[in-house]
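Working notes, structure below.
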2 protein chains.
Amino acid sequence: MPGTACKNCPLRKRNLFTPFTDEELAFMHSFKTGELNVDPGTTILMEGSNSPQLYTVLEGMGTRYKTLENGKRQVINFLFPGDFTGLQAGIMGEMQHSVEATTPMTLCAFRRNDLWQLFRQHPERAYDLTWIAAVEEHFLGETIASLGQRDATQRIAWALVRIYERLKAAGLGKDGDVPLPFRQQDLADALGLSLVHTNKTLKALRSMGLAHWNDGSLQLKKIKSLADLAMIDLERPQQRPLM
Amino acid sequence: MPGTACKNCPLRKRNLFTPFTDEELAFMHSFKTGELNVDPGTTILMEGSNSPQLYTVLEGMGTRYKTLENGKRQVINFLFPGDFTGLQAGIMGEMQHSVEATTPMTLCAFRRNDLWQLFRQHPERAYDLTWIAAVEEHFLGETIASLGQRDATQRIAWALVRIYERLKAAGLGKDGDVPLPFRQQDLADALGLSLVHTNKTLKALRSMGLAHWNDGSLQLKKIKSLADLAMIDLERPQQRPLM
DNA sequence: TCAGGCGCATTTAACTGTGACATATCACCA
DNA sequence: TGGTGATATGTCACAGTTAAATGCGCCTGA
């Protein structure tokens, strides 16, 4: 039982997450195989490989991405504390994307082979897992709508709002600030924009006073206006399970 | 128990789907509340509404889409026989997208409130459900990569290949043909392209002899070349659960 | 039986948002 | 001190958009 015991998990204290009973915590802990600490730039899961583990992010941030044959990269989603990843490989067998650490990260690892046990013995956790998958599916659908129908300014506004909401909900940052240690290139690859145009659009949002992203810190002073620009509704933070 | 009994379901006979035991079929049937027959153009599920049902497509085709505030429409995915939909609403509460019938459709309806029973009493079905969610998540990730990183020609080639594979796997069409009763506008809205450019690109693929889509029928004579153009690998059909 | 209308595919022409390329600046580090 | 990675900015070309018009098949109603 290396690393933190689940019942002492600092993340779990945040009321973003649905509380677990001691019995539930004990089970999750038995499901856990260890903690993984990685340096920035480390590839945690590799497209095409067959990972034996599933992960919950305890600390740090990363990207989930696909690389195309022509070398282009599509960032599918960012990984923040509390996020769960690896279910696809856990269920389908082979990773369809890679996961890379952007900052130093700590991940809680679970045995993929225990997944079926979880479904048999703990239907509540199985339900949680499906809940997580459904929420991710919803988010990916919104991403598709952004790439397909929004112009560059709206796309960036959309991404910044959603990122801000997620990081705030995870309890990161203070006041109107939130840490965002990615490169502009990462955001560009997430939105299907060129680096140059991403840079210019960020400048425009800055000069409009809507979004300031400097030195790894994102500041949204007028998130409502930014959301209007992106043509989206703000999402109220919703309690969710932490695996 | 209106409509077809699950054990007589004609879809289930196709060996695309994992076989169920009689006991399993009986349970699925008990979970079923009825069949839904709709005309083309009918909205089956509405964005923002709170559907009490989940559906498996028995017959016909449709689209799953989001409408943006500016009136633009993003088709997130097409619905084909054997597809399951409504899990998002079933789990998250509110529909985040709409579902519309393109052709006459027959759907098998399940009670959303029974979902939790399914998790408790039939972990195998719960696992299947999560499997379906994971596959959908994978597909949406590939869609994001297409919208973000491929040009118009590659996007259309990608879409046609994937659609062809899915329809073939479902046992539709004969030889190199497959029925595809959508409008060019639907494909355009799925790929984030204008109708005009979609039309031009389809014409180009036609004159290259790679794809012929006329009168609701899609013919791919050189699917391998089309896949190369799209920079994707062909997917071997994989057995999957039918809910 | 024919006229009118509607949905969809097709085509042409003009415009534009975004990409590609080039270059500069700054911080950091070996 | 030079090298590397990131942000920043200007210029120009083009893939794809927008607008507008035509044709064709099919339905409906007189």
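Each chain gets a letter, A, B and so on, in the order the sequences are listed, and its residues count up from 1.
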Value in whole Å for how far the [atom2] atom of [N] lies from [atom1] of [X]:
{"X": "Trp213(A)", "N": "dA6(D)", "atom1": "CH2", "atom2": "C1'", "answer": "11 Å"}
{"X": "Gln184(A)", "N": "dT9(D)", "atom1": "CD", "atom2": "C1'", "answer": "12 Å"}
{"X": "Leu202(B)", "N": "dG16(D)", "atom1": "CG", "atom2": "P", "answer": "13 Å"}
{"X": "Asp186(B)", "N": "dG7(C)", "atom1": "CG", "atom2": "C1'", "answer": "13 Å"}
{"X": "Phe182(B)", "N": "dA9(C)", "atom1": "CZ", "atom2": "C1'", "answer": "17 Å"}
{"X": "Arg155(A)", "N": "dG17(C)", "atom1": "CZ", "atom2": "C1'", "answer": "10 Å"}
{"X": "Asp189(A)", "N": "dG19(C)", "atom1": "CG", "atom2": "C1'", "answer": "14 Å"}
{"X": "His197(A)", "N": "dT9(D)", "atom1": "NE2", "atom2": "P", "answer": "15 Å"}

Hey, does [X] reach any base, or is it just sugar-phosphate, or nothing, if we go heavy atoms under 4.0 Å?
{"X": "Arg206(A)", "value": "sugar-phosphate"}
{"X": "Gly216(A)", "value": "nothing"}
{"X": "Leu193(A)", "value": "sugar-phosphate"}

- Query: Can we say Asp186(B) and Arg183(B) salt-bridge, meaning some charged N sits less than 4.0 Å from an Asp/Glu carboxylate O?
  - Reply: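 The answer is yes: the pair qualifies as a salt bridge.
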
- Below 4.0 angstrom, N of the basic side chain to O of the carboxylate: do Arg162(B) and Glu165(B) qualify? yes

- Task: Taking the six-membered ring of Phe139(A) (Phe, Tyr or Trp), confirm whether the NZ or CZ of Arg166(A) is under 6.0 Å from its centre and within 45° of its axis.
- Result: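 Flagged: Arg166(A) positioned over aromatic ring of Phe139(A).
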
- Query: 5'-most contact on DNA chain C: Arg183(B) or Lys203(B), nearest heavy atom basis?
  - Reply: Arg183(B)

- What about Lys200(A): does its side chain form a donor-acceptor pair under 3.5 Å with the base of dT11(D)?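 Indeed, a donor on one side and an acceptor on the other fall under 3.5 Å apart.
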
- Query: Is there a side-chain contact between Leu229(B) and Leu210(B), using heavy atoms and a 4.5 Å cut-off?
  - Reply: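 Yes, at least one pair of side-chain atoms sits under 4.5 Å.
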
- Task: Please examine the side chains of Glu136(B) and Gln88(B), heavy atoms only from C-beta on, and report whether any two atoms are closer than 4.5 Å.
- Result: no

- Side chain of Asn199(B) - closest among dT18(C), dT7(D), dT10(C): dT10(C)

- When you measure from the side chain of Val196(A), which nucleotide among dG10(D), dT18(C), dT11(C) comes out closest?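 Within the option list, the nearest is dG10(D).
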
